[in-house]
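Before any comments, here is the structure.
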Number of protein chains: 2
Amino acid sequence: MKEGPDIAQIGALIGDPARANMLAALTGGRALTATELAAAGGITLQTASSHLSKLESGGLLAQRKQGRHRYFTLADEAVARLIESMMGLAASRGHLRHQPGPKDPALRKARICYDHLAGDFGVRMLDSLVATGSIDAIGDGLAVTAKGESDLQCIGIDVGSLKSSRRPLCRSCLDWSERRAHLAGSLGKALLANFMEKGWARRMPESRSVMFSTEGERQFLKLFPLET
Amino acid sequence: MKEGPDIAQIGALIGDPARANMLAALTGGRALTATELAAAGGITLQTASSHLSKLESGGLLAQRKQGRHRYFTLADEAVARLIESMMGLAASRGHLRHQPGPKDPALRKARICYDHLAGDFGVRMLDSLVATGSIDAIGDGLAVTAKGESDLQCIGIDVGSLKSSRRPLCRSCLDWSERRAHLAGSLGKALLANFMEKGWARRMPESRSVMFSTEGERQFLKLFPLET
DNA sequence: AGAATGCTTCGGTTACGATCGAAGTATGAA
DNA sequence: TTCATACTTCGATCGTAACCGAAGCATTCT
């Protein structure tokens with residue numbers, strides 16, 4: 001007993017519903033202010049402030065002062081991955097929270113996961129990239145092939161420059177709604193950014209869901225065909 | 001807000017120190033009785049009983065009645081992975097709990113992680129397998145090569161039969177003490193079992209640490225050389 | 001300077017859950 | 001049958017932390 005690092009501290013931080021809601025909101029990747037997070041957690045600003053300082057000193061959040069605002073983000077990608085994997089486990093154990101509302105299908109179709117595309121569309125994209133030989137997959141490991149590198153160049157993504165970053169290029173991320181992997185890492189981020197630049201997709205305010213325009217969806221589906 | 005599965009329930013389950021200690025103890029892979037878990041959590045049997053029923057109905061534990069004992073294990077490998085990744089995060093945030101005692105170095109050298117070898121030795125083994133071309137690594141993904149398959153056959157591990165199981169053959173698992181990957185999956189399990197069969201290593205009671213005999217350690221280091 | 005916004009700190013209340021003693025159930029041993 | 005072990009349930013206590021109102025800083029706007 002008493003072996004290894006203390007997981008109870010982290011568990012307790014995530015274990016409070018208000019804090020969990022705030023963390024989930026931050027999984028959207030946007031930096032949010034204390035006031036916005038208070039709303040996300042369903043609590044007053046005072047209470048949120050106390051929670052936020054706990055989360056920060058616990059190492060789960062980072063903050064950035066900007067004028068009279070204080071912006072919070074998840075401390076790093078490791079935290080985002082932990083939250084996502086807890087969502088995966090929670091979903092598989094039936095710990096659901098939402099009365100399936102109108103927003104839910106949109107969320108399952110396409111949503112943002114920290115900084116990349118998730119949901120049905122995210123899973124489809126990775127499936128297609130693997131099927132067309134743009135990405136090699138070994139277990140959970142992903143790597144861009146030479147073919148993939150040139151294909152992506154055509155879309156307008158320079159894989160070479162992404163490689164130089166410290167962050168891994170490809171990473172698989174388990175999707176809690178689809179229970180299958182989608183593409184994370186700097187390439188996943190670049191792809192989503194690319195879609196938004198082209199006007200194919202845009203983020204919905206106050207939500208993690210990503211809306212595709214009619215034309216954008218057409219282009220997306222054409223670009224990432226699904227061979228059955 | 002209120003999007004997705006409820007991570008707070010799972011967080012809260014892990015967030016209590018007594019429960020966290022019990023879960024950490026179960027990461028040792030052994031099935032433990034309620035009495036043993038009460039000791040691991042540092043609480044009385046009554047309290048442990050209440051915690052255990054919560055953990056079970058929360059889907060984190062599975063239990064098996066056997067005579068008048070009730071054996072608990074982690075519900076599945078997904079739970080084990082979550083606990084391990086929380087340990088990794090906790091370690092990186094400096095949420096340590098142990099005053100570095102005599103047991104600690106042994107734990108860092110070689111310990112059990114659910115059912116496979118972790119710690120310095122676990123990391124070294126994977127490094128060596130990759131360096132000698134027995135395992136291909138792409139990012140976090142691992143796959144046994146043809147060479148690896150025949151090499152492992154020589155040690156006494158039939159990769160072919162492991163492949164037929166539903167469980168993935170190779171999986172990388174982040175080591176909280178080394179902060180690097182070691183080998184999990186059915187192959188990781190088979191390798192550790194192989195070492196113990198040969199008498200190279202044995203588990204210490206009441207602990208996650210794995211002790212190598214002098215001769216066992218010599219053989220292990222020879223079998224998994226480290227080219228620097 | 002004065003006013004407004006964004007956030008933190010303080011103080012006091014409240015509620016939940018962790019805890020254990022004692023009693024109850026189930027299984028196995030004598 | 002009786003006793004012992006392994007565990008659960010009940011009941012009561014106690015501590016902690018979540019919560020909000022009010023007041024206090026800090027920054028920006030006018």
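In what follows, chains are A, B, ... by sequence order, proteins preceding strands, each numbered from 1.
- If you take CG of L52(A) and C1' of dA18(D), they are 14 Å apart, rounded to a whole angstrom.
- Rounded to whole angstrom, the span from the CG atom of D16(A) across to the C1' atom of dC19(D) amounts to 10 Å.
- Rounded to an integer number of Å, the gap from CD of E36(B) to C1' of dT5(D) is 14 Å.
- Bracketed by its first and final contacts, the part of DNA chain C lying under 4.0 Å from non-hydrogen atoms of chain B reaches from dA18(C) to dA29(C) in 5' to 3' order.
- For Q9(B) and D6(B), the side-chain atoms include at least one donor-acceptor pair closer than 3.5 Å.
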Is there any protein nitrogen or oxygen under 3.5 Å from a nitrogen or oxygen in nucleotides 10-14 of chain D, and what are the pairs?
none

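- A donor-acceptor contact under 3.5 angstrom links the side chains of T33(A) and E36(A), judged on distance only.
- Contact annotation: R68(B) side-chain N/O to dA4(D) OP1/OP2 distance is not under 4.0 Å.
- A straight line from CD1 of I43(B) to P of dC7(D) spans 13 Å, rounded to a whole angstrom.
- Applying side-chain contact (heavy atoms from CB on, under 4.5 Å) to L37(B) and the options L55(B), L26(B), I43(B), L45(B) leaves one that passes, L26(B).
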Verdict with reasoning, E56(B) to S53(B), per side chain to side chain donor-acceptor pair (under 3.5 Å): CA-CA 5 Å; E56(B) 198 202 354; S53(B) 70; over 6 Å; no
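- Contact annotation: T44(A) does not reach the phosphate of dC19(D) (side-chain N/O to OP1 or OP2, under 4.0 Å).
- Across all strands, T33(A) comes closer than 4.0 Å only to sugar-phosphate atoms, never to a base (heavy-atom distances).
- Here the C1' atom of nucleotide dA6(D) and the CG atom of L45(B) are 7 Å apart, to the nearest Å.
- Take D175(A) and apply the salt bridge (charged side-chain N to carboxylate O under 4.0 Å, His left out) test, not counting sequence neighbours, and it matches R111(A).
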Run the salt bridge (charged side-chain N to carboxylate O under 4.0 Å, His left out) test on D115(A) and R167(A) for me, step by step, so that the C-alpha distance in whole Å, both residues' side-chain angles and the decisive distance to 0.1 Å come before the verdict. CA-CA 13 Å; D115(A) 59 6; R167(A) 184 176 171 198; 2.8 Å; yes
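- Judged by distance alone, with hydrogens and angles left aside, the side-chain atoms of R203(A) form no donor-acceptor pair with the main-chain N or O of V210(A) at under 3.5 Å.
- At a cut-off of 3.5 Å, with distance as the only test, a side-chain donor of T47(A) or T44(A) sits close to an acceptor on the other residue.
- Listed pair S49(B) / dC7(D) fails the phosphate criterion, with no side-chain N or O lying under 4.0 Å from OP1 or OP2.
- Listed for the S207(A) side chain is no donor-acceptor partner under 3.5 Å among the backbone atoms of M204(A).
- Protein atom CD of Q63(B) is 17 Å distant from nucleotide atom P of dA6(D), rounded to whole Å.
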